[in-house]
Amino acid sequence: MDISNNILEILSSDSNKYMMLCSGGETHIISDGCSMLCKEEISRNGLTGLHEIVNSKDEFLCKGFLEKLRTTAENGVNNTLECSLRLKTINGDYEYFQVKCTFCRNINESDTMLVEITLLSPEEAYRIELAKVFTNDRSPMQFNKQANKIMEKSPDKDFALIQFDVSKFKVINEQYGESAGDEILEYFTGMMNMICGENQIFTRLSADVFMVLTPYEAEKDVQDMIDRINSSLTGYKNIPYTLYFGASYIIDKNKPLRKYGDEAAMARQSIKGDALKHVCFYNDEMKNRKKKQKYLEDHMEEALNNHEFVMFLQPKYSISLNKIVGAEALVRWINPEKGVISPGEFIPLFEENGFVIKMDHFIWEEACKLIKYWQDSGIQPLPISVNMSRKHFDSENSAEFLDELIKKYGIEKRYLEIEITETIDDINKEKGIDMLKRSGYTLLMDDFGSGYSSLNTLKNTQFDVVKIDRFFLQDLIDSERGQKIVEHTIHMAKDIGLALVAEGVETEAQAQFLEQCGCDVAQGFFYARPMDVDTFQELRDKNI
């Protein structure tokens, strides 16, 4: 049966149901409950050309449906495929129709396809439209009930939960419009209805997050299902996006399904933003990490109120003078129960949940207090650079907050420098950075060289200082070619008027090489590790 040579023509708006049988390359009318524009063409040709009468919003869903039909027919699989599409009627209007195709293989090995095309009632069409408006495509509670029923009916089968979402879906809405985002989610829903077979169901949990229950015999079956979803859902209207998947094996069917849903979510979230990995299976290490994160979130407000967050300073040295010329303010969490908690554990978490804003505000004020103390004590203040998360730019009031601190402590802006991490975003067009620059703050581009957009960010940058990333330095300095790259990067930055600071300097040879290249300011373990304020004061006194 060659489906590619079939054609479905225009259905009339008053039609209810049309059924035809495709067998041996021919199409035969079984029942006719509707009037067609051209009955002869339908009976002669069948389903190809469905895309010619489908609503443009269902274009890619229709394409996926036809591709699924071809694959099923070619494989001779006994299966039923259904899809709800908006089709043009003889009046030129679009109505919702359910297209249902049932495949059978006869005793004589010939293929038969029974096609049912049913006009949906206004109530059924309304429910489809309503599902697009609400956050949940189906109620998660209803999904859990249905999933439990499926597992009860198949006690000998193993099941897994798969969760997936779209990377940076918010950016898609911003670049292509919310209507495009809605179309993608609608397309996902339609395709998932076709992808899911026996004992497989799915739900849209929230926004762009979907969850699937699937049976498996071997773990490879779950990966195969993920691959099938990924290949079917990517490529909508050539809009670039990446799907991230998390999966959890249901070990104990007596435990609440939500537990395994949380595990799948945890696995999915653990790889968000990873360009090299888009599938992750839950493991016990993630469970322990989640417990740690929960402890940190439960205690972060208390820690701030109890002054458990402490400002540490890492000195910046002039290589030629071997003298402290500034410092970077860093945060340490000294917990009475856990001791010193690594910044690597809590800073990414605070970036994600937004608490980094409160923590940054605290460190900024601590730096201002210290500069004020030096000023009042007759000690020449040194510039202190403080880190600023890009979370601050969501509200665009970071410059105002800093101005209030400068005014409150009566210090000069030149002593409080702002470090902002380089990202792949267009760093020069952000309003927050522009406001800081216009307010007169010295801006440092942190971790230069860690992203692939480094050279682009230099072209029209509003930054005053470039901080060379430690890994950029350490990875390149060991080879002659790498040294040339570092040397030319330093010369290029200086030629366009940017000052430089090298991070992560660990050896005297690295310091000498940087000095020869024209970078005179460095920080790193070769000079000093981050230290508390009192220790920094002592070191500075000795260094004068």
Is there a side-chain contact (heavy atoms from CB on, under 4.5 Å) between F143 and L205? Walk through the geometry before answering. CA-CA 10 Å; F143 172 83; L205 290 175; 5.9 Å; no
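- The CG atom of N230 sits 4.5 Å away from atom CZ of F245, with the distance rounded to the nearest 0.5 Å.
- Here the straight-line distance linking atom CD1 of I172 with atom CD of E178 works out to 12.5 Å at 0.5 Å rounding.
- In K272, the NZ atom is crowded: over 12 heavy atoms of neighbouring residues, nucleotides or ligands sit closer than 6.0 Å.
- Judged by distance alone, with hydrogens and angles left aside, the side-chain atoms of N283 form a donor-acceptor pair with the main-chain N or O of E285 at under 3.5 Å.
- Between R228 and D224 there is no salt bridge, since no side-chain nitrogen of the basic residue lies less than 4.0 Å from a carboxylate oxygen of the acidic one.
- I239 CD1 to I184 CD1: the interatomic distance, rounded to the nearest 0.5 Å, is 4.0 Å.
- H299 and W333 have their aromatic ring centers separated by at least 6.0 angstrom.
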Residues I229, V212; criterion side-chain contact (heavy atoms from CB on, under 4.5 Å); working and verdict: CA-CA 10 Å; I229 295 171; V212 187; 4.2 Å; yes
Starting from the C-alpha separation in whole Å, work towards a yes-or-no answer on side-chain contact (heavy atoms from CB on, under 4.5 Å) for L185 and D208. CA-CA 7 Å; L185 298 180; D208 60 322; 3.8 Å; yes
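- Listed for the N148 side chain is a donor-acceptor partner under 3.5 Å among the backbone atoms of N144.
- Sorted by first and then second residue, the side-chain hydrogen bond (donor to acceptor under 3.5 Å, both in side chains) pairs involving residues 343-358 (not counting sequence neighbours) are E297-N353, E301-K358, E351-S389.
- Checked by atom type, the side-chain pair E337/Y295 shows a donor-acceptor distance below 3.5 Å.
- In terms of modelled atom types and a separation under 3.5 Å, the side chain of N55 and the main chain of R86 share no donor-acceptor contact.
- Side-chain N/O atoms of E124 and Y96 include no donor and acceptor closer than 3.5 Å.
- Q98 and T118 share no side-chain donor-acceptor pair at under 3.5 Å.
- The structure places CG of L87 at 10.0 Å from CD of E95, a figure rounded to the nearest 0.5 Å.
- Checking side-chain atoms of D221 against main-chain N and O of A218 turns up a donor-acceptor pair under 3.5 Å.
- Atom CZ of F401 is separated from atom CG of D360 by 9.5 Å, given to the nearest 0.5 angstrom.
- In this structure, C280 SG and M266 CE are separated by 10.5 Å, a value rounded to the nearest 0.5 Å.
- Within a 6.0 Å sphere centred on NZ of K149, other residues, nucleotides and ligands contribute 12 heavy atoms or fewer.
- With hydrogens and angles ignored, the 3.5 Å screen pairs no side-chain donor or acceptor of Y282 with any backbone N or O of A265.
- Between F346 and F309, the angle of the ring planes lies from 30° to 60°, which puts this pair in the tilted group.
- Sorted by first and then second residue, the side-chain hydrogen bond (donor to acceptor under 3.5 Å, both in side chains) pairs with a member in residues 245-254 read S248-E263; sequence neighbours excluded.
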